[in-house]
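Okay, structure first, notes after.
Hydrogens, waters and symmetry mates are skipped; everything else that's a heavy atom, side chains included, is used.
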Amino acid sequence: MASSRQRRRLPDMTEAMTITHPLAAGIDVGSTCHAVAIPPHLAAESCRTFGCTTPDLQAMAAWLRSHGITTVALESTGNYWVQPLRILEAAGLQLMHSYGVLPASFQPPAPFIRLRTLWRHRDRLVAEQGRCLQQMQDALELMNIQLHKAITDLA
């Protein structure tokens, strides 16, 4: 027998919320393809899949714009979302919410993105340099070459 809790009808979330952006699309960003959904009343085919190459992303942006989409919500793991976001921003689809409940992700301007990428790469190289020096010192110690007694820094 079903409990009173199971018999009680839970409210439909779409009834409780008002759509603030009726021309919104949702994109599930993947490593090999992107699944895109627009409101069903805008097209006979309201869900499509696009590839990940730049021409595919441009075709995706064109398809969204051809149906009057003005806002886009992206769902992604890893960094697969970066290129679709750049293409969509260039196409003027930069708002990242459908019902007004998803906060926009901070993306600095393009020059800062390049600088941040270079800085992070430099940081990884410096960290790797430290690991390599430690490995060289360990290898020398195992061979009983005790340069550390004569030289204070191998770098």
Query raised in the report: Between atom CE of Met136 and atom CD1 of Ile145, what is the distance when rounded to the nearest 0.5 Å?
Result: 12.5 Å
Requested in this report: First locate atom CG of Leu125, then atom CG of Leu118, and finally report the distance between them rounded to the nearest 0.5 Å.
Outcome: 10.5 Å
**Report entry** Considering all heavy atoms, the nearest Cys52-Thr32 contact
**Finding:** SG-C, 3.2 Å
Query - ILVMFWY network linking Val82 to Phe112, side-chain heavy atoms under 4.5 angstrom - result: no
Requested in this report: Might you point out which heavy atoms bring Pro40 and Ser46 nearest each other, and give the distance in Å?
Outcome: CA-CB, 3.7 Å
Query raised in the report: Taking only residues two or more places apart in sequence, or in another chain, which ones meet Gln134 in a side-chain hydrogen bond (donor to acceptor under 3.5 Å, both in side chains)?
Result: Asp138
Query - With Glu45 via salt bridge (Lys or Arg N to Asp or Glu O under 4.0 Å) - residues at least two apart - result: none
Report summary line: Applying side chain to side chain contact (heavy atoms under 4.5 Å, CB included) to Ile87 and not counting sequence neighbours gives Thr54, Leu57, Gln58, Ala61
Query raised in the report: Considering residues at least two apart in sequence or located in another chain, which fulfil the side chain to side chain contact (heavy atoms under 4.5 Å, CB included) criterion with Pro55?
Result: Thr53
Report task. Could you name each residue pair satisfying salt bridge (charged side-chain N to carboxylate O under 4.0 Å, His left out) that touches residues 23-44, not counting sequence neighbours? Result -> none
Report task. Could you name each residue pair satisfying ring pair (Phe, Tyr, Trp, His ring centres under 6.0 Å) that touches residues 32-55, not counting sequence neighbours? Result -> Phe50-Trp63
Query - Taking every non-hydrogen atom, the tightest pair across Pro39 and Pro22 - result: CG-O, 3.5 Å
**Report entry** Pairwise distance CD1(Ile69) to OG1(Thr71) - rounded to 0.5 angstrom
**Finding:** 7.0 Å
Report summary line: By side chain to side chain contact (heavy atoms under 4.5 Å, CB included), Ser31 pairs with (sequence neighbours left out) Tyr80
Query raised in the report: What residues, two or more places apart in sequence or in another chain, satisfy side chain to side chain contact (heavy atoms under 4.5 Å, CB included) together with Ala43?
Result: Ile38, His67
**Report entry** Contacts of Asn144 that satisfy side-chain hydrogen bond (donor to acceptor under 3.5 Å, both in side chains) - sequence neighbours left out
**Finding:** Gln146
Query raised in the report: What pair of heavy atoms forms the shortest contact from Pro84 to Met60, and how long is it?
Result: CB-CE, 4.3 Å
**Report entry** Charged tip of Arg122 within 45° of Trp119 ring normal and under 6.0 Å
**Finding:** yes
Requested in this report: For Asn79, check side-chain hydrogen bond (donor to acceptor under 3.5 Å, both in side chains) against everything at least two apart and list the hits.
Outcome: none
Query raised in the report: Given side chains that start at C-beta, do those of Val29 and Leu85 come closer than 4.5 Å, heavy atoms only?
Result: no
Query raised in the report: With sequence neighbours left out, what residues match Arg131 under salt bridge (Lys or Arg N to Asp or Glu O under 4.0 Å)?
Result: Glu128
Report summary line: Distance col, row Leu88:CG vs Ile27:CD1, nearest 0.5 angstrom, shows 5.0 Å
